[in-house]
Amino acid sequence: MLVIYGMTQNLSQISKAYDPKQVEQKTYRLWEKSGFFDPDRLPKSYTLNPKPYTIVIPPPNITGSLHMGHALNATTQDILIRWHRMRGFKTLWLPGTDHAGIATQNVVEKELKKEGKNRHDLGRKKFEERVWKWRGKYGDIILDQLKKLGASCDWSRTRFTMDPDYVHAVLFAFKHYFDKGWIYRGERVINWCPRCSTSLSDLELEYKEEKGKLWYIKYPLKDKKNASVTVATTRPETMLGDAAVAVNPKDTRYKSQVGETLILPIKDREIPIVADKLVEAEFGTGAVKVTPNHDIADFEISERHNLPRYQVIGEDGRMTKMAGKICEGLTTLECRQKVVDELEKLKLLEKIEDYTHRVSKCYRCENTVEPLISKQWFLKMDELAKMAIRAVKKNEVKFHPKRWEKVYFDWLANTRDWCVSRQLWWGHQLPIWYCENKKGEDNYFLSLEKPKTCLKCKTCKPKQDEDVLDTWFSSALWPFATLGWPQKTKDLKTFYPTQVLSTDRGIINLWVGRMVFSSYEFLNIRPFKDVYIHATVLTREGKRMSKSLGTGIDPLELIEKYGSDATRFGLIWQAMGGQDIRFAEEHFLAGKKFCNKMWNASRFVLTNKPPQIKRGYQRRLTQNLTKEDKKFLKQLDEIIATTNKDLEQFRFGQALHRLYNFFWHTYCDSYIEYTKKQNSKETDKLLLYGLITSLKLLHPFIPFITEEIYKTLPLKNKKLLLIEEWPK
RNA sequence: GGGGGGUUAGCUCAGCGGCUAGAGCGCCUGUUUUACACACAGGAGGUCACAAGUUCGAAUCUUGUACUCCCCACCA
């Protein structure tokens, strides 16, 4: 019989092997019940030194379920959070989810498709209701999964980007930019996904190499019989919308021909030859067809040369009336064949070459993106981008590892104005209203509420713009909108700015940059001090993990198999600061073994007449100790120091390796073995003290088992390890 | 086209100017030594991608080469 934690327990009751299933759920409930995830409910000692420490979680999509990236990122953040909480900071980890406009809309549309319906059958309102219903059912699944991992988020502060308060913040921000004159409506060639019927930003594209052809087409000169200029194109169907042929101004082959007129085949339209620096003389024949409405580069050329515009492809991805009778209504691919056939008949097809090129795809549905001219809303980026650059240049925001700032700078320095409108139904609808009576460009106004009367004509019932905002427009406000902005809330005052943003390298520009400038614009302060870019988890073969390819690994299966602590261990064990980690299951096994080792070492210490020591017991070098004791104390001091240092520098893997080594070899192999031959009260105390310290140091990494063992320690006035004092 | 990683034991990775190059997993031999066989004791296994250079000394620094992965970009 032995006395553990104030109650009598049989030795046989303590299992020889550690079983995470017996511990993890139970322990998580204990933490939740304690309320200590909520910084306002932390014990008094935490309010004496009210230094806040805040991390906002990168809000996962409501379509998501936990994948390896989330698991690694959540563990990383939880380590930082638990470490700081134990160090006495007023610690907040704020969770939440993102409505993820296009992604979620697609999921619900797929569901509808199974019922043989589409969103237009329902209508906008019913469709939105349907998405809300979907969200209610599946929207928080991933947050529940994070709990399985041990994430110590303050769930009472969970936010969603479509919460009423959050919607208000988004519209408030839009109005701010609008009033400043930074929001404008314009016609541009944008990336259009015909399947999703929406515009996409450049960052929302994915590229795929595709084998195609390069067609060489002769465009006859108007005034010279039998003479022509040959252009090369991968998309012959777009020639129906050509407005010119362009050559490089320095290209001697064409110099004399600039200004002459060509006859566009099939359409028999007269088009000029223009000189533009964008054209590369080396490509194809050095002469390029210019299709202003269906190519971003061509649009720019057309602006410089004042060319007319012909819209030959519609938003449905089919050829328009303007394409001509023989092509109208055809898909672009059907039309391509038609055009090629016609050209052959006219003997204007010089040659066809095989050609592999990059095709833009929608990042959500993988359909080929169609560049189209369209009226969209833009946010001026020049000032904002400058702010974002300055913040990092002045070290107010730091990237870890540092090299990622280059990705950030490169994008910001070259970015165009941000197309913030999306033709979706799920999202924050633009607070723009159109007058029914007024014509022309000055026919709209902004109103956050539904206007009672039209601000333009005072008589009509204005119609709201149907577009919604880019989902990233709302996530750009995440760090402060979640804390109550634009209201001057207590939370905002207490917890803002946040300390660390931990995220994936894939969204440095999509998200991080935009949060930085938003924060400076609205609060004149950085949103976070450190941006930690965590490793990307790849397959064992070094390929991207992908659900659709079936190469993904489900972290929940790992938790099931090895336990949550071992899963965290396995991820962090490999997170050495490099960019990629290949999935290797043996590291999770190592985690499981390590937990077992801790379990048994603790069993040994606690079943061998453990000494009674006080909770705040601090052993320091004194003359009463043996040589071995002193050595161990020194090693203990060292591991405390290196753990702190590693964590300060985001060296999570290194910290864990050192702790592993310390616990297994220094503590178990060396010190425990030594104490077996030793009969000294001081040594026994030190042995227990060493265990306590190890539990504390390891708690941020493997919180469940350390908490469970701590529970059984013979300490007076014990608290949860969750809020115990970090070793000094 | 531009940029950034990587190449070290069978596998996944540390080490990034200086003791016989390390860990986990795997493998081999032994041990049921009363915390742990998810363990312990011991062991095999590496021209640190290649080449040249700097240095008293290089896996570590420089340059080049090869292979590989990832970003970005308006080569139609």
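What you see below is based on every heavy atom in this structure, not just the backbone, and it leaves out hydrogens, waters and symmetry mates. Below, chain A is the first sequence line, B the second, and so on; all start at residue 1.
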A.B. asks: Ignoring hydrogens and angles, state whether a donor on the side chain of A:Tyr562 or A:Glu585 is under 3.5 Å from an acceptor on the partner side chain.
C.D. replies: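 Side chains of A:Tyr562 and A:Glu585: pair found under 3.5 Å.
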
A.B. asks: Are any of A:Arg505's side-chain N or O atoms less than 4.0 Å away from OP1 or OP2 of B:rG5?
C.D. replies: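 A:Arg505 to B:rG5 OP1/OP2: no side-chain N or O under 4.0 Å.
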
A.B. asks: Do A:Phe588 and A:Lys561 touch side chain to side chain, with heavy atoms closer than 4.5 Å?
C.D. replies: no

A.B. asks: Determine whether more than 12 heavy atoms belonging to other residues, nucleotides or ligands lie under 6.0 Å from atom CZ of A:Arg253.
C.D. replies: yes

A.B. asks: Round to a whole Å and report the spacing from CE of A:Met576 to C1' of B:rU8.
C.D. replies: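 In whole Å, B:rU8 C1' lies 14 Å from A:Met576 CE.
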
A.B. asks: In whole Å, I'd like the distance from the CZ atom of A:Arg304 to the P atom of B:rC74.
C.D. replies: 14 Å

A.B. asks: Please evaluate the base of B:rA73 for a donor-acceptor partner in the side chain of A:Arg358 within a cut-off of under 3.5 Å?
C.D. replies: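 By the distance-only test, yes, there is a pair.
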
A.B. asks: Going by number, which of residues 587-596 of chain A have a non-hydrogen atom under 4.0 Å from RNA chain B?
C.D. replies: A:His587, A:Leu589, A:Ala590, A:Lys592, A:Lys593, A:Asn596

A.B. asks: Write down the distance separating the C1' atoms in B:rG5 and B:rC16, rounded off to the nearest Å.
C.D. replies: 15 Å

A.B. asks: Evaluate A:Glu628 against A:Tyr671 for side chain to side chain donor-acceptor pair (under 3.5 Å), listing each step before the verdict.
C.D. replies: CA-CA 8 Å; A:Glu628 293 296 325; A:Tyr671 198 63; over 6 Å; no

A.B. asks: Using whole Å, what does the distance between atom P of nucleotide B:rG5 and atom CZ of A:Arg403 come to?
C.D. replies: 6 Å

A.B. asks: CZ of A:Phe409 versus P of B:rG4: gap in Å, rounded?
C.D. replies: 15 Å

A.B. asks: Closer to the 5' end of RNA chain B via nearest nucleotide, is it A:Ala281 or A:Ser602?
C.D. replies: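 Of the two residues, A:Ser602 wins.
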
A.B. asks: Tell me if the NZ atom of A:Lys398 is crowded by more than 12 foreign heavy atoms within 6.0 Å.
C.D. replies: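 No, not enclosed.
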
A.B. asks: Looking for any heavy atom pair under 4.0 Å, which part of the strands does A:Arg416 touch: base, sugar-phosphate only, or nothing?
C.D. replies: base

A.B. asks: Using whole Å, report how far NZ of A:Lys543 lies from C1' of B:rG6.
C.D. replies: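 Taking NZ of A:Lys543 and C1' of B:rG6, I get 15 Å after rounding.
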
A.B. asks: What integer distance in Å separates A:Lys277:NZ from B:rC74:C1'?
C.D. replies: 12 Å

A.B. asks: Does a nitrogen or oxygen in the side chain of A:Arg582 sit under 4.0 Å from OP1 or OP2 of B:rC13?
C.D. replies: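 Result: yes.
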
A.B. asks: Expressed in whole Å, how much space separates the P atoms belonging to B:rU8 and B:rU47?
C.D. replies: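 After rounding to an integer number of Å, I get 11 Å for this pair.
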
A.B. asks: Less than 4.0 angstrom between a side-chain N/O of A:Lys406 and OP1 or OP2 of B:rG3, yes or no?
C.D. replies: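 No, A:Lys406 has no side-chain N/O under 4.0 Å of OP1/OP2 on B:rG3.
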
A.B. asks: B:rC40 phosphate, OP1 or OP2: any side-chain N/O from A:Trp664 under 4.0 angstrom?
C.D. replies: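 Yes, because at least one side-chain N or O of A:Trp664 sits under 4.0 Å from OP1 or OP2 of B:rC40.
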
A.B. asks: Please state the C1' separation for the pair B:rU31 and B:rA37 - nearest whole angstrom.
C.D. replies: 10 Å

A.B. asks: How would you label the contact of A:Asn509 with the nucleic acid (heavy atoms, under 4.0 Å): base, sugar-phosphate, or nothing?
C.D. replies: nothing

A.B. asks: C1' atom, B:rA9 versus B:rG53: distance in rounded Å?
C.D. replies: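 B:rA9 and B:rG53 have their C1' atoms separated by 29 Å.
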
A.B. asks: Closest approach of A:Lys16 and A:Trp599, non-hydrogen atoms and distance?
C.D. replies: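 Reported closest heavy-atom pair: O-CD1, 3.8 Å.
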
A.B. asks: For B:rA35 and A:Lys676 - does any side-chain N or O of the residue sit under 4.0 Å from the phosphate oxygens OP1/OP2?
C.D. replies: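 So the side-chain polar atoms of A:Lys676 do come within 4.0 Å of the phosphate oxygens OP1 or OP2 of B:rA35, strictly under.
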
A.B. asks: When you measure from the side-chain N and O atoms of A:Tyr355 to the phosphate of B:rA76, is any distance below 4.0 Å, counting only OP1 and OP2?
C.D. replies: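 Checking B:rA76 against A:Tyr355, a side-chain N or O does come within under 4.0 Å of OP1 or OP2.
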
A.B. asks: Does A:Lys597 place a side-chain N or O at less than 4.0 Å from the phosphate oxygens OP1/OP2 of B:rC40?
C.D. replies: yes

A.B. asks: Please give the stem ranges for RNA chain B, sorted by first residue number, where a stem is three or more consecutive Watson-Crick or G-U pairs and both donor-acceptor distances are under 3.5 Å.
C.D. replies: B:1-7 with B:66-72, B:10-13 with B:22-25, B:27-31 with B:39-43, B:49-53 with B:61-65

A.B. asks: Measure CD/A:Glu541 against C1'/B:rC70 and give the value in whole Å, please.
C.D. replies: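 So the CD-C1' distance, A:Glu541 to B:rC70, works out to 17 Å.
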
A.B. asks: Would you mind classifying the nucleic acid contact of A:Glu280 as base, sugar-phosphate or nothing, using non-hydrogen atoms under 4.0 angstrom?
C.D. replies: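 Here A:Glu280 touches the bases of the nucleic acid.
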
A.B. asks: Mind checking the P distance from B:rA51 to B:rC13? Whole angstroms is fine.
C.D. replies: 25 Å

A.B. asks: Compare all side-chain heavy atoms of A:Phe663 with those of A:Ile639 and state whether any distance is below 4.5 angstrom.
C.D. replies: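 The answer is no, as the side chains (C-beta and beyond) never meet within the 4.5 Å cut-off.
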
A.B. asks: Quick one: on RNA chain B, does A:Trp404 or A:Cys668 contact a more 5' nucleotide (nearest heavy atom)?
C.D. replies: A:Trp404

A.B. asks: Once the angle between the rings of A:Trp664 and A:Phe594 is folded into 0 to 90°, is it parallel (under 30°), tilted (30 to 60°) or perpendicular (over 60°)?
C.D. replies: parallel

A.B. asks: In whole angstrom, give me the gap between the C1' atoms of B:rU62 and B:rC71.
C.D. replies: 26 Å

A.B. asks: If you check every side-chain atom of A:Glu586, which of B:rG24, B:rC38, B:rA76 has the closest atom?
C.D. replies: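 Per side-chain heavy atoms of A:Glu586, the pick is B:rG24.
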
A.B. asks: Would you measure the distance from the P atom in B:rA44 across to the matching atom in B:rG10 and give it in whole Å?
C.D. replies: 15 Å

A.B. asks: Compare the minimum distances between each of B:rC11, B:rG4, B:rA76 and the side chain of A:Phe283, then state the nucleotide with the smallest one.
C.D. replies: B:rA76

A.B. asks: Please state whether the rings of A:His357 and A:Tyr355 are parallel, tilted or perpendicular, taking 30° and 60° as the class boundaries.
C.D. replies: tilted

A.B. asks: Which part of the nucleic acid does A:Glu673 contact within heavy-atom distance under 4.0 Å: base, sugar-phosphate only, or nothing?
C.D. replies: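 If one applies the 4.0 Å heavy-atom cut-off, A:Glu673 turns out to touch a base.
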
A.B. asks: I would like to know whether A:Glu237 and A:Lys338 meet salt bridge (charged side-chain N to carboxylate O under 4.0 Å, His left out); could you show each step before the answer?
C.D. replies: CA-CA 8 Å; A:Glu237 72 278 12; A:Lys338 189 97 194 163; over 6 Å; no

A.B. asks: At 4.0 Å (heavy atoms only), tell me whether A:Trp573 reaches a base, stays on the sugar-phosphate, or touches nothing.
C.D. replies: sugar-phosphate

A.B. asks: On the six-membered ring of A:Phe583, is A:Arg540 placed so that its NZ or CZ lies under 6.0 angstrom from the centre and within 45° of the ring axis?
C.D. replies: no

A.B. asks: Salt bridge (charged side-chain N to carboxylate O under 4.0 Å, His left out) between A:Glu405 and A:Arg403: does it pass, once the steps are laid out?
C.D. replies: CA-CA 5 Å; A:Glu405 68 180 38; A:Arg403 70 179 125 91; over 6 Å; no

A.B. asks: Are A:His400 and A:Tyr532 close enough that their ring centres sit under 6.0 Å apart?
C.D. replies: no

A.B. asks: Using a heavy-atom cut-off of 4.0 Å across all strands, would you classify A:Tyr18 as base, sugar-phosphate, or nothing?
C.D. replies: nothing

A.B. asks: Does A:Gln654 make a side-chain N or O approach to OP1 or OP2 of B:rG15 shorter than 4.0 Å?
C.D. replies: yes

A.B. asks: Measuring only the P atom in each nucleotide, how far is B:rG24 from B:rA35? A whole number of Å is fine.
C.D. replies: 23 Å

A.B. asks: Report the distance from atom NE2 of A:His665 to atom P of B:rA35, rounded to the nearest whole Å.
C.D. replies: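 From A:His665 NE2 to B:rA35 P: 19 Å.
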
